[in-house]
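Reviewing the structure listed below.
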Amino acid sequence: MKIRKITLNENEIPEKWYNIVADMPNKPLPPLNPATREPIGPEALAPLFPMELIMQEVSAEKWVEIPDQVRDIYAMWRPTPLYRAYGLEKALDTPAKIYYKYEGVSPSGSHKPNTAVAQAYYNKQEGVKRITTETGAGQWGSALSFACNLFGIECEVYMVKISYEQKPYRKVMMNTWGAKVFASPSTNTEAGRKILAEHPGSTGSLGIAISEAIERAATRDDTKYSLGSVLNHVKLHQTIIGQEALKQMEKAGDLPDIVIAPFGGGSNFAGLAFPFLRLNFEEGKNIRCIASEPTSCPKLTRGVFRYDFGDTVGMTPLLPMYTLGHNFVPAPIHAGGLRYHGAGVIVSQLLKDKLIEACSHDNLEVFEAGVLFAKAEGIIPAPEATHGIATAIHEAKKCKEEGVSKTILFNLCGHGNFDMKAYEDYFAGKIVRHEVTEEEIKKSLAELETPEIG
Ligand SMILES: *Cc1c(COP(=O)(O)O)cnc(C)c1O
């Protein structure tokens, strides 16, 4: 019998997170205060995040101990399986060996609980009673609801109104774990009330939802805010994925030539790729790590590297990142988790230094890849995850054309069981090719008043 599934025991869950900053030749540039353009210190973030997470955000320590209680909770679903994709290899008739790490076995169905649990833990340690956040597609909101419940922390989720109405099951999931979910714009906040007064019919946006969640946290002593992507500490927590995958690849007697993950703000990409990049830094290996983004939101492949706000409204510090401009509004593609205008700071610096690569796929191509994968391997991927699959298929086809066998590893970062609307639209022919025009990108970038990076 061929070994399809490479598993680890619970006691093989890594004991530390890997902080790639320690190994980066060029360290990330500091965040800037938008008013003074001076670097901000950790204390500026104290109203929003617990101190331990702020320290992780600016840390250059190579290894960060995972608290026992967090590891205990990880064991509810970790170590996650790593699969050899024999079915997909056969369907593609490729000489390439394809593996995937499957994060869809977590309670909320994606990689997001890896950081949600860690963040809830540090908030609990510092006596926080309530955590607020925003959610678009619902993946992050459900992960944080699950995590907060385990620590007896109240969770308040601002869900973009249009998703709130179109994705009722994600909302019910959050309610099941005890979270309060509000359609944003809501009447709970100054920001929400202002929008509603001006636009009573507003269907909301991620930018508005972020403003509401931040306002709640900033104006209450017992309340903090939480983000599910982009930030350094989020990427740090996700490195549990790649460290497990590395052990599993060793167990399979293989090492990937190419590591691939879908890219929204960079957390699942960082999670899988950084522990393999460590081998490039430490042992001179030459593993290619490729971030895969949609052509309708191409910040890595067509954006610019400069300082920009992390949110639409301009409430965050200025961050040095690949961006399309914080006013960029991507097409409403089903891969909601990939519709973010910028890339996390660490990943941006790595791309600038050519230590990682990026590519993009259009909406139709990724659904073709997702359905092919579901038929060959059984699991129905989240729309976000189909981007990584499309890149893996592209590389596997190249192997066939060139007659070489390479080992490919990709991150299947979530299942798509709550995304049947997306698949229904695909089968009904409603998914169309979409690519941003040069004019749209130029226009959005022209609105930036933030400093260029020389
Ligand atoms: C949130 C999400 C993403 C995008 O976020 P990253 O931080 O780039 O990982 C991708 N896939 C799934 C399934 C998600 O839930």
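These numbers were taken from a predicted model, which means no experiment stands behind them.
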Enclosure of [X] [atom1] (heavy-atom neighbours >12, cutoff 6.0 Å):
X	atom1	answer
Asn286	CG	no
Asp68	CG	no
Glu449	CD	no
Ile380	CD1	no

### Message
Given Glu89, which partner from the list Lys406, Lys97, Arg84 fulfils the salt bridge (Lys or Arg N to Asp or Glu O under 4.0 Å) test?
### Response
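Checked Lys406, Lys97, Arg84 against Glu89; only one passes salt bridge (Lys or Arg N to Asp or Glu O under 4.0 Å): Arg84.
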### Task
Apply the salt bridge (Lys or Arg N to Asp or Glu O under 4.0 Å) test between Glu154 and each candidate in Lys129, Lys180, Lys124; give the one that qualifies.
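Testing each of Lys129, Lys180, Lys124 against Glu154, the sole residue satisfying salt bridge (Lys or Arg N to Asp or Glu O under 4.0 Å) is Lys180.
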Below 4.0 angstrom, N of the basic side chain to O of the carboxylate: do [X] and [Y] qualify?
X	Y	value
Arg220	Glu156	no
Arg78	Glu103	yes
Glu395	Lys398	yes

### Task
Using a 4.5 Å cut-off on heavy atoms from C-beta on, say whether the side chain of Pro47 contacts that of Tyr225.
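Result no, sub-4.5 Å side-chain heavy-atom pair not found.
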### Task
Compute both the distance and the angle, then confirm whether Lys235 meets the cation-pi test with Phe274: under 6.0 Å from the six-membered ring centre, within 45 degrees of the axis.
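Cation-pi check for Lys235 and Phe274: fails.
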Over 60° means perpendicular and under 30° means parallel, so classify the ring planes of [Y] and [X], tilted if in between.
X	Y	answer
Trp77	Phe146	perpendicular
Phe305	Tyr322	tilted
His326	Phe309	perpendicular

Any side-chain to backbone donor/acceptor pair from [X] onto [Y]? Under 3.5 Å, distance only.
X	Y	value
Arg71	Pro14	yes
Ser184	Tyr158	no
Ser444	Ile441	no
Asn19	Glu61	yes
Asp257	Thr407	yes
Asn149	Ile153	no
Thr132	Ala213	yes
Asn268	Pro262	yes
Trp17	His237	yes
Glu293	Thr301	yes

When rounded to the nearest 0.5 angstrom, what distance separates [atom1] in [X] from [atom2] in [Y]?
X	Y	atom1	atom2	value
Glu57	Met51	CD	CE	12.5 Å
Ile73	Ile66	CD1	CD1	12.5 Å
Phe269	Ser292	CZ	OG	10.0 Å
Glu212	Glu190	CD	CD	11.0 Å
Leu53	Ser226	CG	OG	8.0 Å
Glu126	Glu52	CD	CD	7.0 Å

#### Entry: Closest non-hydrogen atom pair, Leu319 against Gly310
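Nearest heavy atoms, Leu319 then Gly310: CD1-CA, 4.3 Å.
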### Task
Please lay out, stage by stage, how Lys167 and Phe418 fare under the test side chain to side chain contact (heavy atoms under 4.5 Å, CB included).
CA-CA 8 Å; Lys167 291 195 144 192; Phe418 290 95; 5.9 Å; no
